[in-house]
Amino acid sequence: MFAVLKGGARPDNWPGDRVFVFVMGGLMAFAPLAIDMYLPALPAIGREFAVGQHEVQITLGVYFLGFGIGQLFWGPVGDRFGRRIPIAVGIAVFVAACVLAAIARDVETLIAARFVQALGSSAAPVLARAMVRDVFDRERSAAMFSLMMLVMGAAPMLAPLLGGVVDLWAGWRAIFLALGAFALAVMWFLFRVPETLAHADRRPADWRSVVAGYAEVARDRRFLAYAFSGAFMFAAMFAYIGGTPFVYIEIFGVKPELYGFLFGLNVVGMMAASAVNGRNVGRIGLDRTLRAAFAAAAALGGVVFAVGAGGIGGLWGLVAAIFAFLATIGFIGANATAGALAPFPHLAGTASALAGAIQFGLGAVTSVLAGYFADGTPGPMCAVIAACAVAAFAINRWGTPA
């Protein structure tokens, strides 16, 4: 499938490229599972704790915030101590927080548990991206990230459906126990993959080195363009993730256990786009693909706003518009990540952490905004989606080559 490029050969204990993709996809799936699996239960959580939509969506926004902050910590730690042990520590923290969330007796405790969950689970994707960068070059990293998105794509497709069923039969608290069990299974598979960062390539973790590493990455205009343009697209997706449980379930009357089917439709679109991107990005070129995808996303963001704010086509009109918009992320996410990390083989963990922090920091803002301005219509959610798409398009034009 691919050849390990660093050092010119695979390690003696290399498990095979397919196993590597599978395990990395599992690590990347932490965020979509922890975010998406409990979405159908958000209205039920609000009813049990007697709080409104805005307070419930804070449990989602705080996860985005913690996930972004956590990556800033785990990236340099991974550059200093390697990839596998920090990931395992993060997973252990995540499992403990899952138990706390399952026994929460008020929304404040649930918010705190979600923040700790995010801090722990953020180790997995940031260091998984770094592991890919450890062994693949720029173009093949983009293709590898696309394959990982296909593997992790099963998570957001199945998570809301599974969460709806678990909520129906066992209550929303059981959802967090299921997340903890998944995390332990991924940790077991992780140790089938060898450490990818050689001792000779590890960097000091004192605060001066950490600050210097982040400063080096943040000064690079190309990094900022790739990171922020990709982040605004993911922020649009996070507004959709935070808003649609209430839009679909409370405004359009979709049953919680059926919400996952509508959510899964969009995941199928993103997975199909990722598959096409993985096959063709090497031939077409990373930057040409991104420019076309951002232009399409900006146009489709306008369609989402027009349909949602204008009430065109009702539920199915909105579902169709969002489906088309989110499919463009399949051409953007992997390529923007590869472009951002490419200049920093010596700081892969740090660059990955900063890119992830930007992504989830913006996601925290947009998910909360979609709830704060909620007015009983899809309009506010759709406005946030469209604004993020236009910002992503503008940043891409500003900072990346034609």
Side-chain angles (χ1 to χ4, degrees), residues 31-64 101 104 107 110-111 114 117-118 155-176 178-179 234-267 270 304 307-308 314-323 325-326 363-385 388:
L33 272 178
I35 292 166
D36 301 339
M37 194 168 173
Y38 89 130
L39 292 180
L42 289 183
I45 292 172
R47 289 191 295 270
E48 178 169 334
F49 290 144
V51 296
Q53 177 180 344
H54 175 56
E55 288 85 351
V56 176
Q57 283 194 232
I58 290 177
T59 68
L60 189 61
V62 78
Y63 186 90
F64 296 146
V107 73
L110 182 59
I111 289 171
R114 291 287 288 167
Q117 267 189 321
M157 183 166 57
L158 297 176
L161 179 60
L162 180 60
V165 173
V166 172
D167 179 41
L168 180 66
W169 290 101
W172 62 266
R173 298 176 186 278
I175 293 173
F176 293 105
L179 286 171
F234 277 95
M237 182 174 69
F238 292 153
Y240 150 79
I241 289 171
T244 51
F246 297 94
V247 170
Y248 288 175
I249 295 173
E250 296 196 339
I251 296 176
F252 289 110
V254 174
K255 294 181 179 179
E257 59 268 26
L258 298 179
Y259 169 81
F261 286 106
L262 295 180
F263 196 93
L265 288 175
N266 298 311
V267 179
M270 288 189 285
V304 169
V307 169
L315 171 64
W316 292 108
L318 183 60
V319 168
I322 289 177
F323 174 88
F325 172 78
L326 291 179
V365 173
T366 56
S367 65
V368 171
L369 283 177
Y372 183 79
F373 290 108
D375 60 1
T377 74
M381 177 190 74
C382 296
V384 173
I385 290 172
C388 289

Participant: Taking all heavy atoms of Ile241 and all of Tyr259, pick out the closest pair and write down the distance.
Facilitator: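 Looking at all heavy atoms of both residues, the closest pair is O-OH, 4.3 Å.
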Participant: Could you tell me which residues satisfy ring pair (Phe, Tyr, Trp, His ring centres under 6.0 Å) with Phe49, sequence neighbours excluded, listed by chain and number?
Facilitator: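 Phe49: ring pair (Phe, Tyr, Trp, His ring centres under 6.0 Å) contacts with Trp172.
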Participant: Name all residues meeting the ring pair (Phe, Tyr, Trp, His ring centres under 6.0 Å) criterion together with Phe238; count only those two or more places apart in sequence or in a different chain, and write none if there are none.
Facilitator: Phe64, Phe360
Participant: Would you call Pro40 and Asp167 a side-chain contact if the rule is heavy atoms closer than 4.5 Å?
Facilitator: no
Participant: Which heavy atom of Phe323 sits nearest to which heavy atom of Leu265, and what is that distance?
Facilitator: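 Looking at all heavy atoms of both residues, the shortest contact is CE1-O, 3.0 Å.
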Participant: Does some side-chain heavy atom of Phe252 sit less than 4.5 Å from a side-chain heavy atom of Leu318?
Facilitator: yes
Participant: Closest heavy-atom contact between Ala178 and Met37?
Facilitator: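 Smallest heavy-atom distance, with atoms named: CB-CE, 3.8 Å.
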Participant: Shortest non-hydrogen contact from Pro43 to Glu250?
Facilitator: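 Nearest pair, atom of Pro43 first, then Glu250: CB-OE2, 3.8 Å.
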Participant: Does Arg114 reach the main-chain N or O of Gly61 with its side chain, forming a donor-acceptor pair under 3.5 Å?
Facilitator: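 Not at all, since once roles are kept as given, no pair shorter than 3.5 Å links the two residues.
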Participant: Mind listing the closest non-hydrogen atom pair of Thr59 and Leu110 along with its distance?
Facilitator: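 It is CG2-CD2, 4.0 Å.
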Participant: Just by modelled atom types, is the Leu60 backbone N or O under 3.5 Å from a matching donor or acceptor in the Tyr38 side chain?
Facilitator: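 Answer holds: yes.
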Participant: At their closest point, which heavy atom of Ala239 faces which heavy atom of Ile385, and how far apart are they?
Facilitator: CB-CG1, 4.2 Å
